[in-house]
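Here the structure is laid out as structure tokens; the discussion comes afterwards.
Every chain is numbered from 1, with letters handed out A, B, ... down the list of sequences.
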Amino acid sequence: MSEPAVPAPTGNFLWTLIQDDLASGKHKSPVTRFPPEPNGYLHIGHAKAICINFGIAEEFGGRCHLRFDDTNPVKEEQEFIDSIQNDVRWLGFDWGQHLYYASDYFETLYTWAEHLIKNGHAYIDDQTAEQISANRGTLTSPGTPSPFRERSVEENLDLFRRMRAGEFPNGTRVLRAKIDMASGNINLRDPVLYRILHAHHPRTGDKWFIYPNYDFAHGQSDALEHVTHSLCSLEFEDHKPLYNWFLDKLPVPARPEQTEFARLNITYTILSKRHLTQFVRDKHVRGWDDPRMPTLAGLRRRGVPPAAVRDFIKRAGIARANSVVDIAMFDACVREYLNKAASRYLGVLRPLKVVIENYPEGQSEELEAVNNPEDPSAGSRKVPFGRELYIEQDDFMENPPKKFFRLSPGMEVRLRYAYFITCREAVKDAAGNVIELRCTYDPATKGGNAPDGRKVKATMHWVSAAHAVKAEVRLYNPLFMRPDPGADGDPVKDLNPNSLEIIEARLEPALANAKVGETVQFERLGYFCRDADTGLVFNRTVGLKDAYAKAQ
RNA sequence: UGGGGGAUCGUCUAACGGUAGGACCGCGGACUCUGACUCCGCUAGUCUAGGUUCGAAUCCUAGUCCCCCAGCCA
């Protein structure tokens, strides 16, 4: 007897579930869907849902639909429909022909609502929203049936058709499922299925005066699309019985199954659409694509490669327990990818002038610089050198502590790809600030090595003062000052006042030709991405690790 | 005091009755024309108390703590 091969451990319960359903023959191939409501921009939390749903389709030879859950016209906009498609593509996924809208199913859903009414499973309630709420009961006490709960099928049908016809104003009536006002699961206490909304819908225009809500649209949409696995986040667990109740009561063409997973949380980050919308509206950030935002648009503008986002989602894992992933793990993914991919350049963020006293005035030369030590195929380039340079202010100390081995009076260091220089004098202004360094160089060390074999402890970045280009560099720090913003209430109070610092940097001239959206490394500093704003503007994607700074 | 979930190194996550493993962070060291990268090493965990078993993170019992639900939002 041959034992079936033990399936390799997959690492997460969702993959195991799919494998089991495929192995048992329950499904031939998985059909999943990513179902955003177009009421805002996608953020990295959505990236998890996207990677899970599209990832399963890719890995198990199924398909994944992009479906807009556009059942609430008062919140939804075409701008978001467009940005969501753009962001999903940017992340690296493709829904092919499978682009759907819940609004595509409004007619079918309406028919199914009448089906429920005709079978005595739904009724029109004339109570106000306040009355419905008051009569729903509490977590520990049952609800009270609506006085309209026992209306006749004929009256319900008549009223529902007149609701559709637009005869009644907003809020005057709703269609409710007739289930169980005493259920411990509050979602089963006669949930509202349709509400009257005289509102313009981005896709159906002014055709409808009533709109189904999430519960009456989602599972049915899944069924209509023959979705096999409807994967959603934990807060919908309590909706599952209702999801299944509709599948039981309606003539649906398929039987999708809902499974929940924990949503993504990250330290120092807010992933609530409500709050993100507020930050944009109240101008705490510059827009949905502000590089400080956790939106995909923001990450893209910051220079984060989509592959790094996917890798992060994968590393964070999938489980059913609530968790908060350290933002350091995200940074690590970004650095790992960019270290392999990004071209290196020299740029000085906070310039300190250096004059090489023994380098002839008016002379300059070009030195060979490696573009990416991790990728020989990236080749090399020429960097101009001259008598006057800029180095980083942090790279000089007049009275250095023991472990400081950068420039200080009398100390010799290497300028990357160039020469060894020795500091002879620090020139100060009236206030005692060092404003210029007088140095000498050793011509024999051209290229960065001394023929006599002597070593220096530091290699520093620099730019030629005569050739450098000025650029606006935007340095981003965490948007929040604490790892758990909002834990004490309003996350606005936890906003970091220093989340954006704008400086004027001096960069090697080649950077003037950087492409918008291209992320490069400024050596010894970090990764920076050319912004689309006019002029030469760079956003800091993420800094390099800095063991020296950490030790301080 | 209702219903539904969940608890494994500091963090995230594996292990499906048989050596508690990986990643991130942290700390050492090697290397280095980036104090980066890379490499090597170290630190550190099964919520508690019982029980079943040759053997329990895993099964049973009883607790504890955490999360979600009372929109005509999704």
Side-chain angles (χ1 to χ4, degrees), chain A residues 6 9-13 16 35-37 39 69 71-72 74-75 125 127-129 132-134 136-143 170-176 182-189 191-197 210-211 213-215 217-218 232-241 260 262 267 273-274 314-333 335-336 339-340 344 346 369-370 373-374 403-406 414-418 447-449 455-461 483 521-526 543-551:
Chain A
V6 179
T10 56
N12 77 68
F13 74 99
T16 304
E37 181 189 15
N39 67 345
D69 240 334
T71 57
N72 186 0
V74 306
K75 288 189 173 180
D125 196 341
Q127 293 183 107
T128 64
I132 289 176
S133 178
R136 181 144 29 223
T138 71
L139 294 180
T140 52
S141 61
N170 289 356
T172 50
R173 279 180 239 267
V174 291
L175 178 71
R176 297 179 74 176
S183 174
N185 181 344
I186 291 176
N187 292 299
L188 266 20
R189 318 241 265 230
V192 170
L193 272 30
Y194 268 89
R195 70 281 212 195
I196 300 172
L197 244 32
I210 57 173
Y211 291 90
N213 66 2
Y214 166 85
D215 285 306
H218 201 95
C232 62
S233 44
L234 250 28
E235 67 266 31
F236 291 103
E237 272 177 318
D238 289 346
H239 292 251
K240 187 170 178 172
E260 311 84 12
T267 56
K273 210 181 288 189
R274 177 179 135 242
K314 191 174 181 181
R315 286 201 221 183
I318 306 163
R320 283 179 67 85
N322 294 114
S323 62
V324 185
V325 181
D326 194 334
I327 188 68
M329 195 185 284
F330 177 77
D331 290 344
C333 292
R335 287 195 195 99
E336 182 177 300
N339 176 53
K340 293 194 213 87
R344 270 64 167 173
L346 300 179
V370 173
E374 304 285 327
K403 286 291 180 62
F404 184 87
F405 42 80
R406 277 110 95 146
R414 171 170 38 232
L415 294 181
R416 183 106 158 121
Y417 308 123
N449 289 299
K455 301 290 184 192
V456 288
K457 297 201 77 171
T459 298
M460 297 172 11
H461 60 282
Q521 184 189 104
F522 292 0
E523 292 208 45
R524 300 211 302 138
L525 296 173
L544 253 27
K545 284 215 266 187
D546 188 344
Y548 175 73
K550 194 184 295 172

Report yes if the side chains of [X] and [Y] come closer than 4.5 Å at any heavy-atom pair, otherwise no.
X        : Y        : value
A:Gln521 : A:Arg335 : no
A:Arg173 : A:Ile196 : yes
A:Leu544 : A:Glu523 : no

Return yes if a side-chain donor-acceptor contact under 3.5 Å exists between A:Asp215 and A:Asn213, otherwise no.
no
In terms of side-chain heavy atoms, does A:Thr459 have a donor or acceptor partner in A:Arg416 at a distance below 3.5 Å?
no
Would you indicate, yes or no, if [N] has its OP1 or OP2 atom less than 4.0 angstrom from a side-chain nitrogen or oxygen of [X]?
X        : N     : value
A:Arg195 : B:C73 : yes
A:Lys545 : B:C25 : yes
A:Thr71  : B:A74 : yes
A:Arg335 : B:A36 : no
A:Arg315 : B:A23 : no
A:Thr140 : B:G3  : no
A:Arg136 : B:C69 : no
A:Ser133 : B:C72 : no

Assert: residue with more 5' nearest nucleotide on RNA chain B, out of A:Thr172 and A:Pro373, is A:Pro373
Assign each of A:Leu234 and A:Gln521 to its nearest nucleotide of RNA chain B by heavy atoms, then name whichever residue's nucleotide is nearer the 5' end.
A:Leu234
For B:G41, does the glycosidic angle fall within 90° of 0 (syn) or outside that (anti)?
anti
Could you check whether the side chain of [X] and the base of [N] have a donor-acceptor pair of N or O atoms closer than 3.5 Å, going by distance alone?
X        : N     : result
A:Glu374 : B:U38 : no
A:His239 : B:A74 : yes
A:Asp238 : B:G3  : yes

Side chain of [X] - closest among [options]:
X        : options             : value
A:Ala328 : B:C25, B:A74, B:C12 : B:C25
A:Ala321 : B:A7, B:G35, B:C12  : B:A7
A:Asn185 : B:C25, B:G3, B:U13  : B:G3
A:Val174 : B:G6, B:A14, B:C72  : B:C72
A:Thr138 : B:A36, B:U13, B:A70 : B:A70
A:Lys75  : B:C73, B:C72, B:U34 : B:C73
A:Glu237 : B:G4, B:C69, B:C72  : B:G4

Regarding A:Asn213, tell me which of base, sugar-phosphate or nothing describes its non-hydrogen contacts under 4.0 Å with the strands shown.
sugar-phosphate
Contact class for A:Val74 vs. all strands (heavy atom < 4.0 Å): base, sugar-phosphate, or nothing?
nothing
Taking the side chain from A:Ser183 and the backbone from A:Asn185, do they hold a donor-acceptor pair closer than 3.5 Å?
yes
Judged by atom type as modelled, is there a donor-acceptor pair below 3.5 Å linking the side chain of A:Asp125 to the main-chain atoms of A:Val174?
no
Could you summarise the pairing of RNA chain B as dot-bracket text, marking Watson-Crick and G-U pairs under 3.5 Å with ( ) or [ ] inside the strand and | across strands?
.((((((..((((....[..)))).(((((.......)))))....(((((..]....))))))))))).....
Say you pick atom [atom1] in [N] and the same atom in [M]; how far apart are they, in whole Å?
N     : M     : atom1 : result
B:G26 : B:U61 : P     : 43 Å
B:C54 : B:G6  : C1'   : 32 Å
B:U58 : B:U46 : C1'   : 10 Å
B:U64 : B:C73 : P     : 38 Å
B:U1  : B:G21 : P     : 40 Å
B:A20 : B:C24 : P     : 23 Å
B:C25 : B:C12 : P     : 15 Å
B:C65 : B:A14 : P     : 26 Å

State whether A:Glu37 and A:Lys75 are salt-bridged, where the test is any N-O pair (Lys NZ or Arg NE/NH1/NH2 against Asp/Glu carboxylate O) under 4.0 Å.
no
Apply side chain to side chain contact (heavy atoms under 4.5 Å, CB included) to the pair A:Lys240 and A:Glu260, showing each step before the final yes or no.
CA-CA 9 Å; A:Lys240 187 170 178 172; A:Glu260 311 84 12; 3.6 Å; yes
